[in-house]
There are 4 protein chains.
Amino acid sequence: MNFNITRAAHIEYRVTDLERARHFYVHVLGFIQIDQDQERLYLGGLEEREHHGLALCKAEAPGVTHLAFRVASPQDLYSLEALYAENGCQTRWIPEGFEKGQGKALRVQDVTGLPLEFYHRMERRDWLLQRFDRYRGANVMRLDHFNCQVPQVQAGYDWFTRSLGFYCSELTLTEDDPPSLWAAWLHRKQNVHDIALMNGIGPRLHHAGFWLANQDSVLRACDVLAASGYADSIERGPGRHGISNAFFVYLRDPDGNRIELYTNDYIIPDADWEPIRWNINDPRRATFWGHKPPASWFDEASLVESVLTGELLPTSPPPLRDRPEFVT
Amino acid sequence: MNFNITRAAHIEYRVTDLERARHFYVHVLGFIQIDQDQERLYLGGLEEREHHGLALCKAEAPGVTHLAFRVASPQDLYSLEALYAENGCQTRWIPEGFEKGQGKALRVQDVTGLPLEFYHRMERRDWLLQRFDRYRGANVMRLDHFNCQVPQVQAGYDWFTRSLGFYCSELTLTEDDPPSLWAAWLHRKQNVHDIALMNGIGPRLHHAGFWLANQDSVLRACDVLAASGYADSIERGPGRHGISNAFFVYLRDPDGNRIELYTNDYIIPDADWEPIRWNINDPRRATFWGHKPPASWFDEASLVESVLTGELLPTSPPPLRDRPEFVT
Amino acid sequence: MNFNITRAAHIEYRVTDLERARHFYVHVLGFIQIDQDQERLYLGGLEEREHHGLALCKAEAPGVTHLAFRVASPQDLYSLEALYAENGCQTRWIPEGFEKGQGKALRVQDVTGLPLEFYHRMERRDWLLQRFDRYRGANVMRLDHFNCQVPQVQAGYDWFTRSLGFYCSELTLTEDDPPSLWAAWLHRKQNVHDIALMNGIGPRLHHAGFWLANQDSVLRACDVLAASGYADSIERGPGRHGISNAFFVYLRDPDGNRIELYTNDYIIPDADWEPIRWNINDPRRATFWGHKPPASWFDEASLVESVLTGELLPTSPPPLRDRPEFVT
Amino acid sequence: MNFNITRAAHIEYRVTDLERARHFYVHVLGFIQIDQDQERLYLGGLEEREHHGLALCKAEAPGVTHLAFRVASPQDLYSLEALYAENGCQTRWIPEGFEKGQGKALRVQDVTGLPLEFYHRMERRDWLLQRFDRYRGANVMRLDHFNCQVPQVQAGYDWFTRSLGFYCSELTLTEDDPPSLWAAWLHRKQNVHDIALMNGIGPRLHHAGFWLANQDSVLRACDVLAASGYADSIERGPGRHGISNAFFVYLRDPDGNRIELYTNDYIIPDADWEPIRWNINDPRRATFWGHKPPASWFDEASLVESVLTGELLPTSPPPLRDRPEFVT
């Protein structure tokens, strides 16, 4: 490959009320507000050094405008443009400064239908890792990954691993003979994932995962949310995933967009890591302690934008059953 | 009162297989095995200084033989014998050494029907609080309280507070006009409870609560249970109660007896503490984060023994609804 | 005894700059500011239900105006007045409202020379235990105890245990033959101490101890202090005491007054608890992990006021060596 | 570069008594014993998937036989052999199985004098990350890095960054004009370091760093060590480094070899990370909370072997002062 995607870097959610979203993300959960303009809030985590890890964009309806990956050099953007053009995917250049702090970027409607953004340059900001006086709420450290529902996981897996250079850390198979690929956790940086593809109605963004430094911060998030009147935003967990070992909680923001706050995954410094394999119907896969996810966790997800028109894209159902047998 | 009940001290569960129970309590959860004979295992926590905090007794069917409270002096036992006799309750003396390490004790069939034991003398053992090398599993520190289902909570409350000297820390009321007392948390030692009475089919022991030193030990219990093949024993939680502020998990032992592992309640050094009042249908009461308890948590509990015959006692249904409206 | 002292309740420090003290205690450490007037700030912890647990009083020089204990009834104040008068100690009535929120109170110059206050009535305030959104800094839960240096520990021990009704949880002895009492941990509420008496130049207040709910809050206090420019305020720890099992850190406020933030002590619900005995030169007593306290920890402490004149009292040296052999 | 060093992988310490070392590392600290033969114990952490992360080798005197790095392919070993030969460094091939579970490996006496090993193949073992029932003591997850004292840090830095492909995460400079490089933290995997070079008498191994999943495990290590009679093994900490943000404790094994147990460093997925720069005399660099390291932390370190003769190598003093001004 003549490009190097280095990591999941930020996400932009569509929200219908910026002030309501600010209260949830900044005042309650403790995301750092970095910047804003009339249309967007730019937020960040305590470990991040770049301008933003989460953007919130005013819109008529919830959803996702784009999922951003950083690349290792400016030239990589042109290589990616060529690759996507060869594969018949729509692309669009985003001028420097369109997103505050960010250089020229490429948006593409990926083979999976997901609206991806690639960029290289973004402003650095003062590092807050040791500004413990500014830790609040969930003590959010950094954006870690995107989890997406797509109808064709095998095709998405092939594309991401063969054409974009992603590695697979863990995967889930159906009980069919031969088994079908039901979900895959894929990474470029050296941990469990930058993007996961799960079988389901799609293309949709299931959640963005934000990393916390410890289990207490996950519990503290629940306590602070409940004390602030947001108990209803807690959709699933806290619990431990068998997959990835994450200690997690899933939240729905006031617009219904889903985020995961988690800790306790692991590093993968070896390129020849042998993926961990799970059976879709092994309950420990979903929650190591045996808890069943609620049906909403499979049914609901965020629609994604067309990178050309900004319209929310229609979705298709998957050919495979979209949830384990133990979830009804 | 001419006696002084000082605290909930130990419980004896009936189990059908001592080795299976030993594996669950000692090998997995890390209770300390103190002693044993052919019929019983005597277990303890890391903060306890007396011989045992939990006894397991071989029996044909699960259940509870007795709930033990310590009293401040040997004379208190005779005062309690007289009080119970006056109130038409069965009493029975247990000779010294019948329970290993314990002096002469009084068992009574309480006004609520519960089989209580009162004792003063019990052997001290080496303190393990700073034997951190012996911490295992859930790092269980000490027995804290009993939670019981009874059909007549108001009558039980009156008896425990007026005749036995208990104080009330928190209580739950129905939405009737006037409200009825649905549950009460009652204490002698200076924390939230030594015994709670909840409206339900009874007399039954709902659970014994064991105190852990921190939230991580609760999570560790879940991890170790799941890694040891006991994920099914996790019935409810981890979560935070509104009532008592406890961060808790409820487990079912291999015989179905229920224990709570918890931390984060508070001290009550003031006798004029004003009880915290909750509405039965406030979801934060049950779980501060909004999670609903499973129906089994209301339906199932341990039968208790007759202190005279050792037979498990029949139960009666409560006149009030036995669960919040949000649990079906 | 015809009175019932229930617990250590609050302390009032003299500070030379109220704004500077507010920054340290409220802004950085997260004490809740309850009230203020021109001379005093009234602060509290998250678990406390009464008006204040810590008062800061503007003064020319640092020190302590009084150490307050709550009593079980208003009548107890008169019984204590009589007791102190019989023992030749100065007493003084403090009118209702002199301390905001507090009823009529009795101040005495104790037999040890310490300025004690006894009160029964104090305003309740909204409980913050579950206002997790207001947790900040060290997440301070409640005042727990006072630790005082006095030249005559044995005499102080006799007075507190025989005349005031305190129980002893742990004690430290010299290596003399017979050993002398070097320090004693004394309690009325059911945990390790409400007051400790240590051999040293006195009467002085060594520190007031505030209880935190977990070890992470102790570490977080250090992180937040250092990030806020207060690294110099960290005098000793974090570490674990052998005595009391406390996981602790000792801080010096901007005036040099010392506080301990700690967790992990234990409950003592039994009046016949057998005190734990330590040798003064056992290094595990001071720090279980073997760290030596700095000399300042023995040399420096807060002078205390005359309850009659408000002057800081002169001190006397102790006849026994004032520190372990391993501290030079 | 025509090779790819992927990460620090294992270390082999010389110990004079294998049973004594086993007690310390396995029984107390909870390292997993993977394998053994008459000369060596092979130990591992809970997150590691390869055969061993720590080997202990019977020897006449303490020290280090080699520091091992994994490479991405077998061919890389030959490229490294050529590179070292060109630079006049001794090399030696270690046959497959000489270290249990390991394929053919290359040992070199590095330009810095350090005995490095490079290997590609090592047996996988069952993963213990979710075998929470086997977590013990310090819950050691994995070897993370080596910290070495060398007299010529600048030369070592140039070699590791220019010839071996390491990136710099943080560095320490003297106050000279122009400043000299006093220490550098260098990495191949995506976190703060695989190897650090510190100015000092060398070549010596200062410590191997093992990663724990949380702060509680660091504190638990201290508690378990002290409870097991190893309080003297705690040399420095627990505390937080300014450098790397690590929450750490330094231990000395029964032979005096030093290990660090730590958590809370951060990931570096961007190759264009701008190194954090520290002044040698900034006390926050060493300990963010202001604590001074003991002199032993600078004076004492492990001698390293000649890869050809197995003799411990002589050392040279550094031209620069070997510690901050605040350490005497």
Max heavy-atom pairs within cutoff under 4.5 Å with chain A, candidates B/S233, B/P238, B/G290, goes to B/P238
Pick from B/F247, B/Y230, B/W289 with the largest number of heavy-atom pairs that fall under 4.5 Å of chain A | B/W289
Polar side-chain atom of B/H291 near backbone of A/G237 as donor-acceptor pair, under 3.5 Å = yes
Measure A/I234 against the heavy atoms of chain B and call it side chain, backbone, both or neither at under 4.5 Å.
-> side chain
Enter the distance from B/N245:CG to A/D223:CG here, rounded to the nearest 0.5 Å.
-> 7.5 Å
More than 12 heavy atoms from other groups under 6.0 Å of CZ on A/R321 = yes
Does atom CZ of A/R20 have more than 12 heavy-atom neighbours from other groups under 6.0 Å away?
-> yes
Which distance, rounded to the nearest 0.5 Å, do you find between the CG of B/D216 and the CG of A/N214?
-> 8.5 Å
Greater than 12 external heavy atoms within 6.0 Å of B/F132's CZ | yes
Between A/D232, A/L225, A/L219, which residue shows the highest count of heavy-atom pairs closer than 4.5 Å to chain B?
-> A/L219
